[in-house]
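Along the sequence shown, residues are numbered consecutively beginning with 1.
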Amino acid sequence: MLSRLSSTGREAPWVSIGVGFLAVIAVPVAAFLLMITVIGMPLSFILMSAYFVVLILAKVIASDAIGRLLAERLNWNGRGYQFLAFAATLLVLILLSKIMIFGFGFFVGLIAICFAFGVIIMTFYRWRKGKQVTSSQPEPALE
């Protein structure tokens, strides 16, 4: 699953950040609007739970995509090198997000969160689109 997420992030990084920024804003608003109805309350809790999970895993998802890109560019083949690139990228991302000069760390974290949200949404969208395309095609006739 992470390889699918990272390939989406490598194919369209700026679109992922844009879609993720919209999701970061829209998900809490949608959850609040769902809280108005009794039927929407459980959906709101599920939506906000997923929102917080993505917030927690955002740096890991962003580091995986950047680490795989780094390993690909440096021609590092093998799982060990991919893990090394992931670990180094995660460490750098965590350290950069801790810098509090002029809000630099906040913006690094925000970009990682937006990227992770966008990658998840775009991967899910592509998966659903591919699933619908393959299921709508007619079955070949048996001879």
Approximate separation, where rounding is to 0.5 Å, of Met35 CE and Leu43 CG: 11.5 Å

ILVMFWY network linking Met41 to Phe32, side-chain heavy atoms under 4.5 angstrom: no

Residue pair Tyr125 / Val19, side-chain heavy-atom distance below 4.5 Å: no

Connected hydrophobic set around Leu95, excluding itself, where side chains approach under 4.5 Å: Leu91

Co-membership, hydrophobic cluster, residues Ile46 and Phe52, 4.5 Å side-chain: no

Approximate separation, where rounding is to 0.5 Å, of Ile113 CD1 and Ile17 CD1: 12.5 Å

Cluster check Ile121, Val54: I/L/V/M/F/W/Y, side chain < 4.5 angstrom: no

Sequence neighbours excluded, every pair satisfying side-chain hydrogen bond (donor to acceptor under 3.5 Å, both in side chains) that has a member inside residues 94-104: Lys59-Ser97

Shared hydrophobic cluster for Leu34 and Ile36 (ILVMFWY, side-chain gaps under 4.5 Å): no

Hydrophobic cluster membership, Leu93 vs Phe21, 4.5 Å side-chain cutoff: no

Heavy-atom pair with the smallest gap, counting every atom of Leu90 and Ser63: CA-OG, 3.1 Å

Tyr51 atom OH, over 12 foreign heavy atoms within 6.0 Å: yes

Other residues, nucleotides, ligands: >12 heavy atoms within 6.0 Å of Leu74 CG: yes

Minimal non-hydrogen separation, Ala58 against Ala116, with atom names: CA-CB, 3.6 Å

Separation between CZ of Phe117 and CG of Leu22, rounded to the nearest 0.5 Å: 12.0 Å

Smallest separation among heavy atoms of Ala85 and Ala71, with atom names: CB-CB, 4.2 Å

Any residue meeting side chain to side chain contact (heavy atoms under 4.5 Å, CB included) with Leu96, in chain and number order, not counting sequence neighbours: Val92, Ile99, Phe104, Val108

Side-chain (Ser44) to main-chain (Ala31) donor-acceptor, under 3.5 angstrom: yes

